[in-house]
Number of protein chains: 2
Amino acid sequence: MALEHAILVSLQEKPGSGYELARRFERSIGYFWTASHQHIYRVLKRMESDGWVDVRDVPQYGRPDKKEYSVAEPGRDALSAWLHEPTEPESVRHDLAVKIRGAAYGNPAALISEVERHRQTHTDRLAHYLAGEARDFGEHPAADGPLDAERELQHVVLRGGVAYERMMIAWLDDVLATLAGFNTGH
Amino acid sequence: MALEHAILVSLQEKPGSGYELARRFERSIGYFWTASHQHIYRVLKRMESDGWVDVRDVPQYGRPDKKEYSVAEPGRDALSAWLHEPTEPESVRHDLAVKIRGAAYGNPAALISEVERHRQTHTDRLAHYLAGEARDFGEHPAADGPLDAERELQHVVLRGGVAYERMMIAWLDDVLATLAGFNTGH
DNA sequence: AGTCACATGTAAAGGGTTACATGATTAG
DNA sequence: CTAATCATGTAACCCTTTACATGTGACT
C-alpha cells in the first residue's frame with residue numbers, strides 16, 4: 001500500500017489541510033501508518049491532479065490561510081477498490097532484532113541500554129494509547145465523537161495497538177533477561 | 001537501517017553467495033527483515049565496491065559456479081558502529097489497520113475474508129516458527145548448530161517472532177468478532 | 001526581539017519493488 | 001522436452017526520508 005489510502009481514510013473521517021493531516025499522522029492514524037508533512041504534501045498534490053480529492057481555499061483570521069482537502073468521487077472509488085483487493089501482510093522490518101543477532105560477535109551487553117530505550121518508548125506509547133482509549137471509548141465518551149461502526153472499528157484498531165505494545169514490552173523484558181545472562185556469566 | 005546491516009549479520013554467521021542469502025531471507029533472518037534477490041545482489045555490489053565484503057569465486061560441479069561473500073574488516077567495523085549507534089523503533093506500517101478503519105464508510109462485512117486470510121498467514125507462520133524452535137532449540141538440538149551467545153540470541157529473536165504471531169492471531173480474532181457484530185445487527 | 005504554533009512547499013538522495021533477462025544442470 | 005533448482009544480474013519506477021526553504025500571526 002501507499003500513503004494515499006491512509007490519507008483517503010483520514011479525509012473520509014474528516015476533511016482537513018495538509019498540516020492537519022500531518023498532525024493526525026502524529027497520533028491516531030499515525031499509530032499504524034507514519035508519514036511526514038513533506039511526504040503528505042507531495043502525495044496530496046498527486047491526488048489532487050488525479051482528481052481523488054477536492055481542494056478549497058479557506059481564509060483564516062489570526063493565522064495563515066489553508067487549503068482544505070476532501071475526498072472526491074474518484075477517490076472514494078479508489079479507496080473502495082483498494083478495500084476489496086487482497087493485500088499481503090506487510091513485510092516485517094525489525095532493526096532491533098537484526099541488532100540482537102548481530103550482537104553475538106560483538107559485546108552483547110552493549111545492547112542493554114539500547115533495548116531499555118526501546119522498552120521505554122513502548123511503555124510511553126502504551127500509556128498514551130490507554131489514555132486515548134479511556135478518553136474516547138470509556139464510560140463517558142467525548143460527546144462529539146463518531147458513532148457506531150466507525151467508532152467500533154477505531155476502537156478495535158486501537159486495541160491492536162495496545163496488544164502490540166504489551167507484546168513488545170514483554171518481549172523486550174525477555175531480551176533483557178537473556179542479555180543479563182551473559183553479564184553474570186550464568 | 002538498511003539491508004546491508006542485515007546482510008553483514010547473516011554473512012558473519014556464515015559466508016555465502018547472493019543466492020544463498022536470498023534463501024536465508026526467505027526463512028530465519030527474513031522473519032524480521034525481508035529482501036528480494038534483486039535487492040540483495042544490488043546491495044552486495046555496493047558493499048563489495050565499498051570494501052565491506054570480500055568475494056571469492058567458487059567453481060562448482062553439477063551446478064553453476066557462484067561467488068562467495070564474506071565480511072571484510074571494514075564491514076565488521078561498519079556493523080560494530082551501527083550496533084553502537086542508537087536506532088529509533090521502526091515506524092509502523094499496518095495496511096490491514098488502515099483498511100479496517102476505511103471499512104467504516106463501505107461494507108465492513110466485505111473485510112471478513114481478508115481478515116481471515118491474514119489470520120491464516122499468521123497461524124502458518126506461527127506453526128513454522130514453533131517447528132523451527134523445536135528443531136533448533138529443543139531438547140535435542142542439531143549437532144552442527146551455533147553455540148552459546150549466538151544460539152541464545154537467535155532463540156530470543158525467534159521467541160519474539162512467536163510472540164508477535166500469537167498477538168496478531170488474538171487481535172485478528174478480536175477484529176473478526178467486531179466485524180461479526182455488524183452482520184447480526186447486534 | 002525571540003519563540004511557538006500554524007501553514008506550505010522543493011530538491012536530492014536513499015531504499016525497495018516489479019518487470020525483464022539470461023543461462024547451467026538435474027530429474028522426470 | 002519440460003519443469004525445477006541453482007545462479008546472477010539490469011532498468012525503470014515508486015515510495016520515503018532528509019535537508020533546505022519560506023512566511024504569518026500570537027504571545028512574551
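Throughout, protein chains are lettered first and strands after them, A, B, ... in sequence-line order, and every chain is numbered starting at 1.
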Using atom types as modelled and distance alone, determine if a side-chain donor or acceptor of B:Gln60 lies under 3.5 Å from a backbone N or O of B:Pro64.
->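 At least one qualifying donor-acceptor pair exists.
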Using whole Å, report how far [atom1] of [X] lies from [atom2] of [N].
| X | N | atom1 | atom2 | result |
| --- | --- | --- | --- | --- |
| B:Glu20 | D:dT5 | CD | P | 16 Å |
| B:Leu21 | D:dT8 | CG | C1' | 13 Å |
| B:Ile40 | D:dC6 | CD1 | C1' | 15 Å |
| B:Asp65 | D:dC6 | CG | P | 16 Å |
| A:Arg63 | D:dC27 | CZ | C1' | 14 Å |
| A:Lys66 | C:dA5 | NZ | P | 18 Å |
| A:His5 | D:dC14 | NE2 | P | 14 Å |
| A:Gln60 | D:dG25 | CD | C1' | 11 Å |

Can [X] and [Y] be counted as an ion pair, charged N to O under 4.0 angstrom?
| X | Y | result |
| --- | --- | --- |
| B:Lys14 | B:Glu20 | no |
| A:Arg46 | A:Glu4 | yes |
| B:Asp57 | B:Lys67 | no |
| B:Arg93 | A:Glu90 | no |

OP1 or OP2 of D:dC6 sitting under 4.0 Å from any side-chain N/O of B:Arg23?
->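 So the side chain of B:Arg23 is within the cut-off, an N or O lying under 4.0 Å from OP1 or OP2 of D:dC6.
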With respect to the phosphate group of C:dT8, does any side-chain polar atom (N or O) of A:Tyr19 fall under 4.0 Å of OP1 or OP2?
->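 A:Tyr19 to C:dT8 OP1/OP2: no side-chain N or O under 4.0 Å.
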Kindly give the cluster partners of B:Val92, where membership spreads through any ILVMFWY side chain lying under 4.5 Å from a current member.
->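 When side chains under 4.5 Å apart are linked, B:Val92 ends up in no cluster with other residues.
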Salt bridge (charged side-chain N to carboxylate O under 4.0 Å, His left out) between B:Glu48 and B:Lys45: does it pass, once the steps are laid out?
-> CA-CA 5 Å; B:Glu48 186 192 342; B:Lys45 269 269 158 69; over 6 Å; no
Positions of residues 41-59 of chain A (non-hydrogen atom under 4.0 Å from DNA chain C), listed by number =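 Heavy-atom cutoff 4.0 Å gives A:Tyr41, A:Arg42, A:Lys45.
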Between CG on residue B:Asp173 and CE on residue B:Met168, distance to nearest 0.5 Å =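 The CG atom of B:Asp173 sits 11.0 Å away from the CE atom of B:Met168.
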Interatomic distance, B:Phe32 atom CZ to A:Ile100 atom CD1 [nearest 0.5 angstrom] =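 These two atoms lie 8.5 Å from each other.
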Could you check A:Ser36 against A:Tyr61 and say which one's nearest nucleotide on DNA chain D is further toward the 5' end?
->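 Checking each residue's closest nucleotide, the 5'-ward one belongs to A:Ser36.
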Pick the nucleotide of DNA chain D nearest each of A:Pro64 and A:His39; which residue has the one closer to the 5' end?
->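 That would be A:His39.
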With the criterion being N/O to N/O and under 3.5 Å, what pairs connect the protein with nucleotides 19-22 of chain D, and how long is each?
unit_1	atom_1	unit_2	atom_2	d
D:dA19	N6	A:Gln38	NE2	3.1

Please determine, for the side chain of A:Lys67, which listed nucleotide (C:dC6, D:dT8, C:dT8) has the closest atom?
->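 Nearest to the side chain of A:Lys67 among the choices is C:dT8.
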